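To start, the structure itself, in structure tokens.
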Amino acid sequence: LEKMTDLVAVWEVALSDGVHKIEFEHGTTSGKRVVYVDGKEEIRREWMFKLVGKETFTVGATKTKAAINIDAVSGFAYEYTLEINGRSLKQYIENRLKTTNTWILNLGGTDYRVVLEKDTMDVWCNGQKMETAGEFVEDGTETHFTVADHSCCIKAVSSGKRKEGIIHTLIVDNREIPEAVE
């Protein structure tokens with residue numbers, strides 16, 4: 001197995017289907033470019049005469065669009081920036097904090113990562129989109145699903161404040177799960 005000697009950048013990206021590791025090799029003498037997603041080679045280019053440019057690929061089960069920009073900073077120094085869905089990684093993360101909720105829980109010794117996409121009300125657990133049943137209740141809505149034979153419910157209740165909007169709470173076996181910060 002060839003060593004990753006030209007590894008210049010590593011990013012961790014939290015998507016609904018999980019946290020993905022993106023690695024980038026850039027051989028500035030050979031012009032080689034290699035992109036790995038979760039340890040799997042996605043792109044390999046040898047003998048690129050142009051050392052700057054962009055490599056585009058997809059990440060995860062949702063085939064999220066990603067791109068690595070290669071820019072010359074000075075002389076033989078390069079800067080590598082990752083874009084997700086056409087946004088810088090920083091902008092993507094800031095937007096994601098507004099559009100999703102994430103909870104980490106342990107059931108029977110197994111860790112589960114539950115993600116709610118607020119715009120679609122899709123629920124993901126450990127990389128799988130969950131079968132859900134939604135219902136209107138007196139103070140808002142409830143989205144029901146099952147994880148490892150445990151009944152789960154995401155309650156959506158108005159905060160009563162316009163700025164805060166709707167508060168989403170995950171309840172598993174009648175126990176409230178604190179939201180995770182990724």
Side-chain angles (χ1 to χ4, degrees), residues 1-4 7-25 34-43 57-66 68 82-85 87-159 164-182:
L1 191 75
E2 172 191 329
K3 278 273 205 227
M4 288 205 263
L7 187 67
V8 293
V10 178
W11 296 276
E12 299 242 321
V13 181
L15 300 177
S16 294
D17 71 333
V19 179
H20 299 279
K21 186 176 183 180
I22 298 169
E23 298 166 292
F24 183 57
E25 285 185 41
V34 187
V35 176
Y36 298 92
V37 177
D38 299 326
K40 185 176 158 283
E41 188 176 296
E42 289 294 318
I43 297 172
F57 53 99
T58 61
V59 181
T62 54
K63 299 265 181 249
T64 302
K65 289 188 182 90
I68 295 172
L82 179 67
E83 285 179 7
I84 303 292
N85 279 337
R87 295 185 165 148
S88 73
L89 186 58
K90 184 178 183 287
Q91 290 172 320
Y92 172 78
I93 291 168
E94 286 169 1
N95 182 59
R96 194 168 165 74
L97 287 172
K98 294 178 196 140
T99 60
T100 62
N101 288 79
T102 302
W103 297 271
I104 308 287
L105 59 145
N106 187 297
L107 297 171
T110 303
D111 286 332
Y112 294 94
R113 179 175 174 271
V114 175
V115 178
L116 168 68
E117 292 179 355
K118 294 185 212 175
D119 51 352
T120 59
M121 291 305 285
D122 286 343
V123 176
W124 292 77
C125 181
N126 288 6
Q128 301 294 314
K129 195 167 152 187
M130 303 301 286
E131 241 354 278
T132 61
E135 69 173 316
F136 289 98
V137 292
E138 192 179 318
D139 53 355
T141 63
E142 292 183 354
T143 303
H144 297 272
F145 58 100
T146 306
V147 173
D149 294 329
H150 293 265
S151 65
C152 305
C153 170
I154 296 174
K155 284 178 91 65
V157 179
S158 172
S159 64
E164 278 178 47
I166 297 183
I167 298 169
H168 295 89
T169 310
L170 175 63
I171 297 160
V172 178
D173 298 334
N174 298 318
R175 208 177 80 232
E176 191 173 313
I177 307 297
E179 194 173 345
V181 181
E182 289 190 309

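Heads up: numbering here begins at 1 and tracks the sequence. None of these values were measured; they are calculated from a predicted model.
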Quick test of your reading: applying salt bridge (Lys or Arg N to Asp or Glu O under 4.0 Å), list the pairs with at least one residue in residues 142-156, sequence neighbours left out, ordered by first then second residue. E142-K155

Spatial distance of atom CE (M130) from atom OG1 (T143) [nearest 0.5 Å]: 12.5 Å

side-chain hydrogen bond (donor to acceptor under 3.5 Å, both in side chains) involving D173 - partner list, sequence neighbours excluded: H150

Could you tell me which non-hydrogen atom of E12 sits nearest to which non-hydrogen atom of V19, and how far apart they are? OE1-CG1, 3.8 Å

Q128 atom CD, neighbour heavy-atom count above 12 within 6.0 Å: no

Would you indicate whether the side-chain heavy atoms of I68 and I22 approach each other to under 4.5 Å? yes

Exercise: identify the closest heavy-atom pair between W103 and I177: CD1-O, 3.3 Å

On a heavy-atom basis, which atom in C153 and which in F145 lie closest, and how many Å separate them? N-CE2, 4.5 Å

With heavy-atom distances below 4.5 Å as the criterion, would you say the side chains of K21 and Y36 are in contact? no

Backbone N or O of G60 within a donor-acceptor pair of the D17 side chain at under 3.5 Å? no

Hey, does L116 have a side-chain heavy atom less than 4.5 Å from the side chain of M121? yes

What salt bridge (Lys or Arg N to Asp or Glu O under 4.0 Å) pairs are there with at least one residue in residues 96-118, not counting sequence neighbours? R113-E182

Using distance alone, with no hydrogens and no angle criterion, decide if Y92 and E83 have a side-chain donor and acceptor under 3.5 Å apart. no

Sequence neighbours left out, what passes side-chain contact (heavy atoms from CB on, under 4.5 Å) with K63? Give chain and number order. T58

Value for OH (Y112) from CD1 (I104), rounded to nearest 0.5 Å, stands at 13.0 Å

Got a second to check how far H20's NE2 is from L15's CG, nearest 0.5 Å? 4.5 Å

Residue N174 excluded, over 12 heavy atoms near CG under 6.0 Å: no

The complete set of salt bridge (Lys or Arg N to Asp or Glu O under 4.0 Å) pairs with one or both residues in residues 122-136, sequence neighbours excluded, reads D122-K129

Output the distance between atom CD1 (I154) and atom CG (N101), rounded to the nearest 0.5 Å. 7.5 Å

Please give me the minimum heavy-atom distance between G165 and S159, naming the atom from each residue. O-OG, 2.7 Å

Please enumerate all residues that pass salt bridge (Lys or Arg N to Asp or Glu O under 4.0 Å) together with D38, with sequence neighbours excluded. none

Just so I know, are the side chains of L105 and V114 near enough to count as touching, which here means a heavy-atom distance under 4.5 Å? yes

To check you understand the geometry: which heavy-atom pair defines the closest contact between K40 and E42, and what is its length? NZ-OE2, 3.1 Å

Let me know which of L89, V59, I84 forms a side chain to side chain contact (heavy atoms under 4.5 Å, CB included) with W11. L89

Minimum heavy-atom distance C152-L170, with the two atoms named: CB-CD1, 4.3 Å

Answer whether the closest heavy-atom distance between the side chains of L82 and F24 falls below 4.5 Å. no

